[in-house]
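Below you'll find the structure, written out as structure tokens, and then a few comments.
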Amino acid sequence: MAVYLVYRSHYDPSGRDVRRFEGDSMLGWFRSIWKPTPEAGYADQFGGLFERIEEEKWLPPQGPQELSHYLSESMYLNEILVEENCLQVLTDDDVQEMALYAFDDHFRDAHPGLTDYLVLPGWRLPDGDSDGAFEPVGRMTDLPEGSEPGTTYAGTFGFYDKCNLSDLGEAGGWRMRGVRPSDLVRYLIEFSKAVELDGALPEVQQGAVAALAGAAEGEDAGFRAAIRDEPGEPAHWNAYADWAQDRGLPPPGLTLLRDALLLADPYVSSLKDSRDPDKDLVCVTPHVAQACKHVARWGNSDLYHQWFFFDDRWAAAFPHVANGIFRFGGRWDVLSTTPEEES
């Protein structure tokens, strides 16, 4: 059996710092570490808890409510939710809100799939696709339909003020029917004036324009220039695709999407001057594209936004991860089992 600590913040490229410990239950694990001098790996997550254990001679908690009381007395908290096998904490550091989740395998067994995205290691999503069906859960914002097979979904995590988690509003996921990742650049350019984009879509659209505007160099400069001038003309895309295929290169839609993600400039008002594009992390495959965009330097820490674009084939292969991304973008208390409003 295991206990998991997941620290949610924009100080990690993935937005999640995941740690796993051996333990029979969440409460039992807390009781096992209940001492004045904590071991490395979790001390920095619980504020002044261990100092108070020493000062106040606090005994190990006998139940979830007593654990909640101790944490509330020793940590700076905006909100805390505690159950027998699950803890959720909302806090902030005057720059952004952050969340801490603790749960055990009993909770995971009782709620299959709910934690799959939270415990995903690293920043890269798994690769794969499936012929199965996918049904998104939670809030979806539908954008105009494209003209190709498939559906692409977008999930984005950013912070624009210190209420980035408690004021998520209508965030969740965006759905673009008739679009796959290889069609996304063309789609965003064609609809840039017809619809108000949200999430990170405006930044990616601007990155796509920049990728086409810088078409003066390179062997494919003529194709990019033609698409820049007439993005809706299929002949330009077909000619570019034939040229790329002859050279064993990826489809141009994926190449341009990668360039768009690299060139996109994420918005973070007052800290923007410390952005370092060399710290961006970008990965594009036929069914999923993602970017961890460095947005600022704060003290000794880096801050990132996370952008995800995946189609129905990828989501069908990893439905719990896909819906976990939507849930992550729509509420801070992602382990709560109360139903979300669906659209």
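Values below: all heavy atoms of this structure, side chains included; hydrogens, waters and symmetry mates excluded. One is the number of the first residue; the rest follow in order along the sequence.
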Side-chain contact, heavy-atom cut-off 4.5 Å: [X] with [Y]?
{"X": "D183", "Y": "M176", "value": "no"}
{"X": "Y7", "Y": "R19", "value": "no"}
{"X": "L212", "Y": "I189", "value": "yes"}
{"X": "V179", "Y": "L143", "value": "no"}
{"X": "D92", "Y": "D94", "value": "yes"}

Is [X] salt-bridged to [Y], cutoff N-O under 4.0 Å?
{"X": "D311", "Y": "R313", "answer": "no"}
{"X": "R228", "Y": "E230", "answer": "no"}
{"X": "R177", "Y": "D142", "answer": "yes"}
{"X": "D259", "Y": "R224", "answer": "yes"}
{"X": "E203", "Y": "K293", "answer": "no"}

Spell out, as yes or no, whether a donor-acceptor pair under 3.5 Å connects the side chain of [X] to the backbone of [Y].
{"X": "Q306", "Y": "P13", "value": "yes"}
{"X": "N85", "Y": "D104", "value": "no"}
{"X": "E233", "Y": "A235", "value": "yes"}
{"X": "T115", "Y": "R108", "value": "no"}
{"X": "Y187", "Y": "P144", "value": "yes"}
{"X": "T91", "Y": "Y76", "value": "yes"}
{"X": "R52", "Y": "E73", "value": "yes"}
{"X": "R247", "Y": "W243", "value": "yes"}

Ring pair (Phe, Tyr, Trp, His ring centres under 6.0 Å) assessment of F46 paired with F30: CA-CA 11 Å; F46 295 108; F30 269 103; 5.3 Å; yes
At what distance, to the nearest 0.5 angstrom, does [atom1] of [X] lie from [atom2] of [Y]?
{"X": "C292", "Y": "D12", "atom1": "SG", "atom2": "CG", "value": "8.5 Å"}
{"X": "R180", "Y": "T151", "atom1": "CZ", "atom2": "OG1", "value": "7.5 Å"}
{"X": "W314", "Y": "D127", "atom1": "CH2", "atom2": "CG", "value": "10.0 Å"}
{"X": "Q205", "Y": "L184", "atom1": "CD", "atom2": "CG", "value": "10.5 Å"}
{"X": "H10", "Y": "M98", "atom1": "NE2", "atom2": "CE", "value": "10.5 Å"}

Ring centres under 6.0 angstrom apart (F318, F310):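 No: the rings miss the under 6.0 Å criterion.
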Ring-ring centroid check F159 Y11, cutoff 6.0 Å: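 F159 vs Y11: aromatic centres not under 6.0 Å.
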Which heavy-atom pair separates [X] from [Y] by the least distance, and what is that distance?
{"X": "S72", "Y": "L77", "answer": "CA-CD1, 3.6 Å"}
{"X": "A317", "Y": "G128", "answer": "CB-C, 4.3 Å"}
{"X": "V284", "Y": "A289", "answer": "CG2-CB, 3.9 Å"}
{"X": "Q88", "Y": "S336", "answer": "NE2-OG, 3.2 Å"}
{"X": "V282", "Y": "A291", "answer": "CG2-CB, 3.9 Å"}
{"X": "V185", "Y": "W237", "answer": "CG1-CH2, 4.3 Å"}

Do [X] and [Y] have side-chain N/O donor and acceptor atoms under 3.5 Å apart?
{"X": "D302", "Y": "H294", "answer": "yes"}
{"X": "R8", "Y": "Y101", "answer": "yes"}
{"X": "Y4", "Y": "D105", "answer": "yes"}
{"X": "Q96", "Y": "S9", "answer": "no"}

Qualifying residue, where the test is ring pair (Phe, Tyr, Trp, His ring centres under 6.0 Å) with F157 and the options are W332, F308, F326: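 Looking at W332, F308, F326, the match for F157 under the ring pair (Phe, Tyr, Trp, His ring centres under 6.0 Å) is F308.
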Common cluster, V18/Y304, ILVMFWY with side-chain heavy-atom separation under 4.5 Å: no
Cation-pi geometry met for R16 and Y117 (6.0 Å, 45°): yes
